[in-house]
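What follows is a short report on a single structure.
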Amino acid sequence: MKTFEELGIGDSILKAITEMGYEQPMPVQEQVIPHLLYEDTDLVALAQTGTGKTAAFGLPVIQRIDIKNNQPQALILSPTRELCLQIASDLADYSKYIDGLRVLPVYGGSSIDSQIRMLRKGVHIVVATPGRLLDLIERKTVYLDNVSTVIMDEADEMLNMGFLDSINAILSKVPENRKTLLFSATMPAEIAKIARNYMHNPQEVVIGSRNEGAANVKHVYYLVHAKDKYLALKRIADFYPNIYGIIFCRTRRETQEIADQLIQDGYNADSLHGELSQQQRDAVMQKFRVRNIQLLVATDVAARGLDVNDLTHVINYGLPDDIETYTHRSGRTGRAGKSGISIAIVHVKEKGRLREIERKIGKQFEKGHVPTGTEICEKQLFNLVDRIEKVKVNEEEIASYLPSIFRKLEWLSEQDIIKRIVSLEFNRLLDYYKDSNELDVPDERGRKDGKRGRDDREGGKRDSGRDRTRAAEPGFARLFINVGKTDGFFPNNLIELVNNNVRGRVDIGRIDLMPSFSFFDVDEKSAHRVISGLKNCDFFGRRINVEIAGEKKSEGGRRRKPSPESRESYGHSKKRSYNHEKFSSDKSKKRASSKKK
Ligand code: AMP
C-alpha cells in the first residue's frame with residue numbers, strides 16, 4: 001500500500017490531513033488521487049459514501065489549483081445542500097495550510113446575493129447543487145471558462161432528484177477539455193449515458209463490487225405478519241439499547257405515524273420528511289448528528305442530505321420499490337471501516353423482493369429472529385448493569401448528599417440496593433413483555449439457510465440447554481463466547497472470526513449456539529491462541545469475550561467454576577462486584593416460574 005506522499009500529495013496538504021488523523025490512503029484514494037494528478041482521461045468511480053471519496057477527489061483538486069488565478073478552476077456538483085456544505089468544509093480542512101485558497105459552497109435555500117458577492121471576490125473551487133449553479137450561470141454571475149476539473153458526486157442521487165437536465169446544461173457550459181470525474185454508488189443506465197455523452201473515454205474504477213452495498217454491512221430480514229411490523233420494530237429497538245439508526249419508510253404519512261408512535265411509546269425518536277420546513281429538517285438532522293435522537297424515522301428523499309458515518313443500524317420498514325434505493329439505504333451504515341446492520345422488516349408478501357435484492361447486491365440476507373420478551377429483558381438488564389458499572393461518579397457534587405442517602409438506605413443490604421436500582425428500569429420492560437408472543441413467521445427459506453423457525457428454535461433451545469453442561473470431546477477444549485443467535489452470530493461468523501484473527505491452524509469442533517452466547521470446541525493446543533486472538537475483537541458492535549467454558553474470574557482474580565445457570569445469566573459481562581450466584585438463581589427461578597404458566 002502506498003503512502004499519501006507516494007501518491008503525489010504535497011507537504012501542506014499532508015500536514016493538514018495528518019492532523020486530521022489520516023494515516024494511510026483508503027482504497028478509493030489510492031486509485032483516484034494519482035489519476036486526477038497525472039492522467040488525462042476521465043474517470044467513473046463506483047464507490048459508496050463513507051469510503052473516503054471526498055478526500056480522493058478533494059486532495060488532488062486542491063493540489064492542482066493555481067492560487068494566483070482568481071477564477072473557479074474546479075467545479076464539484078452534489079445532490080444536496082448538506083453534502084455540498086460537507087464537501088466544502090472538508091476541502092477547507094484539507095487546504096488549511098494553503099494560503100489564499102478559497103472554496104465556495106453554492107446551494108438553494110440561502111441568499112443568492114451573498115453567493116454572488118463571494119463569487120465576485122474570486123473563488124478557486126465551487127461546490128454546488130445543480131439547480132442553484134444553473135441559476136448563477138443564467139444570471140452570468142459565475143465564470144466557468146477556467147474550470148479544468150468537474151467532479152460529479154453521488155451522480156445517481158442527482159439523477160434520482162431530477163437534476164438530469166440541469167447537469168446536462170451545466171456540462172455544456174464548462175470547457176470541453178476539462179477533466180471529468182463521476183462518483184456514483186450504483187450504475188443505472190442513465191449514468192452510463194451521461195458518461196457516454198459528456199466524458200472522454202472514461203476509465204472505470206470499482207471500489208467494492210458493482211451495485212453492491214458496503215462490504216461490512218450485514219443484511220438481516222425479519223419475517224412477520226403485516227400487523228406486527230411496528231411491534232417487531234419496537235422489539236428490535238429494545239434489543240439494541242445502544243442503537244443509533246435510521247428507520248426508512250415509504251411515505252411521509254407512514255414516516256410521521258411511526259415516529260409519533262415511537263415517541264409516544266417512550267423512544268428517543270423523531271421524523272424527517274418533506275412536509276417539514278427546511279428549518280425543521282435542519283433542526284432534526286442536527287439533533288440526530290449529535291445523537292440527541294437515537295432513531296430517526298425518514299423518507300428516502302429527506303434523508304439524502306444527512307451525512308452520518310457511525311450508524312449502527314439501518315431499518316427498512318418494508319422494502320423500497322427499487323433496488324438502488326435499498327443500496328443507498330444500507331450504504332448508510334458500515335461506513336468508514338465500521339460494521340453495520342441493514343434490517344428489513346418484511347411481511348410474507350414482500351419476501352419475493354428479498355431475492356431480487358440479493359441477486360443485485362450479490363449478498364444474502366440472514367433470517368433474523370424477532371427477539372422475545374425474555375431475550376429483550378435480559379439484554380436490557382445487562383445493558384443497565386453495564387451502565388451502572390461504567391457511569392462516571394461526580395464525587396465532589398454528590399458528596400454532600402451521600403450521608404443522608406446512606407442513612408436512608410441503611411436498613412437495606414448491598415444486594416437489595418442493587419436489585420432495587422436495577423428494577424427501577426427493568427420492571428417497566430418486564431411488565432410490558434409479560435405476556436408477549438413470538439412474532440416470527442416460520443419461513444421455509446430461513447430453514448434452508450440453517451436458521452430455524454419458531455418450533456425448531458424452541459426445540460433447539462432445549463437441546464442446547466443440555467449441551468451447556470456437556471464436556472468437550474477428548475483432545476478439545478470448550479470455549480465460551482459472549483455472542484449468540486440473537487446477535488446474528490452463526491457458525492460461519494465464528495469461523496470467519498477465527499480465520500481473520502487467530503494465527504496458525506485451529507481445528508474447530510462442535511459449536512453450540514445459544515440465544516445470547518455460544519460454546520465451541522477447539523483443539524486443546526489452540527485454545528489459548530484463540531482466546532488471545534479474539535480478545536477485544538468486534539462483532540457488529542459487540543466486544544468479543546472468549547473464555548474457557550466453566551472458568552470465570554472471581555472477585556479476587558482467582559478462578560472458580562460457576563454453575564451453568566450463573567454462566568447463562570452472566571454471559572454478557574465480565575467483572576461484577578456483587579453476589580452473582582444469588583442474583584442469578586433468583587433469575588433462573590423467575591424463568592422457571594414463567595415457563596410453568
Ligand atoms: P467520505 O466517504 O469522504 O464521506 O469519508 C468517510 C470518512 O472517512 C470521513 O469521516 C473522512 O474524514 C474519513 N477518511 C477519509 N479518508 C481517510 C483516511 N485516509 N484515513 C482515515 N479516515 C479517512
Side-chain angles (χ1 to χ4, degrees), residues 1-37 43-63 74 76-96 103 105 125 127 151-158 181-186 205-208 212-217 244 246 285 288-291 303-312 314 327-340:
M1 188 190 278
K2 288 191 169 166
T3 61
F4 280 110
E5 211 167 357
E6 285 162 347
L7 294 179
I9 296 300
D11 289 345
S12 337
I13 297 180
L14 267 182
K15 189 172 171 204
I17 59 173
T18 308
E19 281 177 14
M20 292 170 73
Y22 293 12
E23 287 169 5
Q24 288 289 331
M26 290 167 93
V28 67
Q29 293 158 0
E30 246 186 310
Q31 301 214 41
V32 172
I33 292 173
H35 189 103
L36 263 176
L37 286 179
L43 190 71
V44 172
L46 277 172
Q48 304 273 332
T49 309
T51 49
K53 61 190 167 67
T54 316
F57 64 74
L59 305 182
V61 158
I62 290 172
Q63 186 147 311
I76 298 165
L77 295 176
S78 104
T80 60
R81 64 179 218 131
E82 288 79 10
L83 183 60
C84 174
L85 286 165
Q86 180 66 48
I87 295 172
S89 143
D90 286 353
L91 298 193
D93 290 341
Y94 305 149
S95 57
K96 186 171 157 194
V103 181
I125 302 173
V127 189
I151 312 282
M152 287 183 270
D153 196 12
E154 302 206 350
D156 48 353
E157 282 292 300
M158 290 200 275
L181 208 133
L182 182 151
F183 281 96
S184 191
T186 56
V205 295
V206 182
I207 313 297
E212 173 199 297
N216 31 357
V217 175
Y244 176 51
I246 303 183
M285 285 196 261
F288 187 60
R289 271 190 208 103
V290 298
R291 292 185 175 233
R304 271 176 193 146
L306 186 65
D307 196 30
V308 179
N309 276 330
D310 41 7
L311 293 182
T312 58
V314 159
T327 311
H328 276 288
R329 287 180 177 182
S330 59
R332 289 182 157 276
T333 184
R335 288 182 174 184
K338 297 191 181 114
S339 53

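Everything numeric here is computed off the predicted structure, so don't read it as measured data. Order of appearance sets the numbers: ligands from 1, and atoms from 1 within every ligand.
Rounded to the nearest 0.5 angstrom, Leu7 CG and Gln63 CD are separated by 10.5 Å. To the nearest 0.5 Å, the span separating CG on Leu46 from CZ on Phe183 amounts to 10.0 Å. Going from atom OH of Tyr94 over to atom CD1 of Ile9 covers 10.5 Å, rounded to the nearest 0.5 Å. Between atom CD of residue Gln86 and atom OG1 of residue Thr54 there is a gap of 7.0 Å, rounded to the nearest 0.5 Å.
Heavy-atom contacts of Thr54 reach the following atoms of ligand 1: 1 (P), 3 (O), 4 (O) (cutoff under 4.0 Å). Every atom of ligand 1 is numbered from 1 in the order shown, and the set under 4.0 Å from a heavy atom of Phe4 is 19 (N). The ligand atoms of ligand 1 that sit less than 4.0 angstrom from a heavy atom of Gln24 are 18 (C), 19 (N), 20 (N). Which parts of ligand 1 touch Lys53 is read off a 4.0 Å heavy-atom cut-off, strictly below it: atoms 1 (P), 2 (O), 3 (O).
When the options Tyr22, Tyr94, Phe183 are ranked by their closest heavy atom to atom 23 (C) of ligand 1, first place goes to Tyr22. In this comparison of Ala47, Gly58, Gly52, the heavy atom closest to atom 5 (O) of ligand 1 sits on Gly52.
Note: no N/O pair closer than 3.5 Å links Glu23 and ligand 1 by distance alone.
Here the side chain of Thr333 pairs a donor or acceptor atom with the backbone of Leu311 at under 3.5 angstrom.
Under a cut-off of 6.0 angstrom, the local environment of CD in Glu19 is crowded, with over 12 non-hydrogen atoms contributed by other residues, nucleotides or ligands.
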